[in-house]
Amino acid sequence: MTVHDFLPRPLALVMVGKPARGKSYTARKLSRYLSWTGYRARVFNVGSYRRHLLGPGQDHSFFDPRNEEGLKARQRMAEAAMDDLVRWTRDGGEVAIYDATNSTRSRRAWVAEELGRHGIDCVFVELFTEDQSIIDANIRQTKLSSPDYRTYDPDQALKDFRTRVAHYESVYEPLTDESLSFIRVLDAGRSLYANRLDGYLPTALAQFLLNLHLGKRSLYLSRHGESLYNVEGRIGGDSALSPRGEAYAVSLDQFLRNALPTDDVRLWTSTLRRTQQTARHLPWKSTAWRPLDEIEAGVCNNLTYQEIAERMPDEYAARKADKLRYRYPRGESYEDVISRVTPVILELERQTGPVVIIAHQAILRALYAYFHGEAATAVPHLSIPLHTVIQLTPTAYGCDEVRTALPPNPKAHFTAGI
Ligand code: F6P
């Protein structure tokens, strides 16, 4: 059973909302989350089609509902994006995100009919808010840097954008049609209303949407300090830190106290000794999470990669051939790890302050991949070295990263493995 079995037909998530409600941000977040969990996902942003076909820089009058030419051009862009979306699902695309305002009943009826005609399931996702602080945060973080306003000064851009919003407001019809399948997210996750959601994926996505916010915060990832098993090149187990690993715990404490001079820090470790020993000097209360425990190597636990290659050459070769899907006998695969850490991702999304996570190579690969929008296939191959702090700061459309290697250098050992 893989994630694909949860999805008998392609699915389209159709964004709905006035401008500056966070639709494009949310569409990208959904797409990244879905790719990370293993689905073939892609955003079809109607605004990009407009910019591509007409060039950027239409002023607000283009969006005025009384502008007949503008209306026709916008319908053409919506159709071009829809054609590509349908073609993409025929080529194996699984979850398409159709990103536009889709702000009137008639537009939504057209979208639903087009998708239905091509055998694509459809869930509308409306982001609704009149909270000016949320709208202003969206405008600041996304709109004013949009290619539409490259040639405008900031005041002029803001004025034009506000008039564009007013045009949409004059025709906007909230999503109330109970015959449709939809998720309405109110005030950036303060509450959520779900209607006719069918199956695992749409309900899982509703849960994901509840936890999103646009606030800025940093996340600090570190593997545990070098362990006795690392020195011997053994995998799994529950060994203690080596003397170098102990020294890293001290360096990490100095580094993080300096970087985070505040009491308001969440500190999460796994339940294994080596992460807890690495965290022990840090000043914040730590929480040990089982979902952060290292990948379970089953029958290969406590062995070196060389021993696995000698004693179980078929297992060794199978893992090398498909490291994402390979499951250790009586253990886990990277796919299993990704689904196991999903609750951690939801918890991380809802945090508003800094979080420090001290965990393990496979686990941090999975978390890191999520924040960088890497697909599941990339996860097993990412580089997460020992004795290195990775600071990630999610931004509106990506993630900034700073890596800091701290002393002492770990001994060169056999972690590259299979
Ligand atoms: O070698 C350290 C370690 O954390 C092992 O416990 C774990 O099995 C391994 O890394 C995961 O890395 P890979 O998936 O590359 O074998």
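All ligand and atom numbering here is 1-based and tracks the order in the structure. All residue numbers refer to positions in the sequence shown, counting from 1.
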task: Could you go through the ring-ring contact (aromatic ring centres under 6.0 Å, His included) check for Tyr326 and Tyr328 one step at a time?
output: CA-CA 7 Å; Tyr326 171 82; Tyr328 284 110; 5.4 Å; yes

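Cation-pi geometry between Lys18 and Tyr172 is satisfied (NZ or CZ under 6.0 Å from the ring centre, within 45° of the ring normal). Within the cation-pi definition used here (under 6.0 Å to the ring centroid, within 45° of the axis), Arg184 qualifies as a partner of Phe128.
Not a single N or O atom of Arg234, backbone or side chain, sits closer than 3.5 Å to an N or O atom of ligand 1. Of the polar atoms of Gly236, at least one N or O is found under 3.5 Å from an N or O of ligand 1, judged by distance alone. Looking at Tyr328 next to ligand 1, no N or O pair under 3.5 Å apart turns up. Looking at ligand 1, you won't find any N or O of His360 less than 3.5 Å from one of its N or O atoms. The shortest N/O to N/O separation between Arg223 and ligand 1 does not fall below 3.5 Å. The shortest N or O to N or O distance between Arg319 and ligand 1 is under 3.5 Å. Taking any N or O of Glu294, backbone or side chain, at least one lies under 3.5 Å from an N or O belonging to ligand 1.
Within the structure, the closest approach of Tyr229 to ligand 1 does not fall below 4.0 Å when heavy atoms are considered.
Nearest-heavy-atom check against atom 8 (O) of ligand 1 across Ile235, Asn301, Leu364 picks out Ile235.
The Lys323 neighbourhood of ligand 1 comprises atoms 13 (P), 14 (O), 15 (O), with distances under 4.0 Å to a heavy atom of that residue. For ligand 1, the atoms lying closer than 4.0 Å to a non-hydrogen atom of Ile295 are 8 (O). Of all atoms in ligand 1, numbered sequentially from 1 with element shown, those under 4.0 Å from a heavy atom of Arg365 are 12 (O), 13 (P), 14 (O), 15 (O).
With respect to the salt-bridge test (charged N to carboxylate O, under 4.0 angstrom), the residues Arg340 and Asp293 do not qualify. Arg327 and Asp336 are joined by a salt bridge, as a carboxylate oxygen and a charged side-chain nitrogen come within less than 4.0 angstrom of each other. With respect to the salt-bridge test (charged N to carboxylate O, under 4.0 angstrom), the residues Glu169 and Arg162 do not qualify. A salt bridge is absent between Glu79 and Arg76; no separation between the charged side-chain nitrogens and carboxylate oxygens falls under 4.0 Å.
Using a 4.5 Å heavy-atom cutoff, the side chains of Ile338 and Trp36 are in contact.
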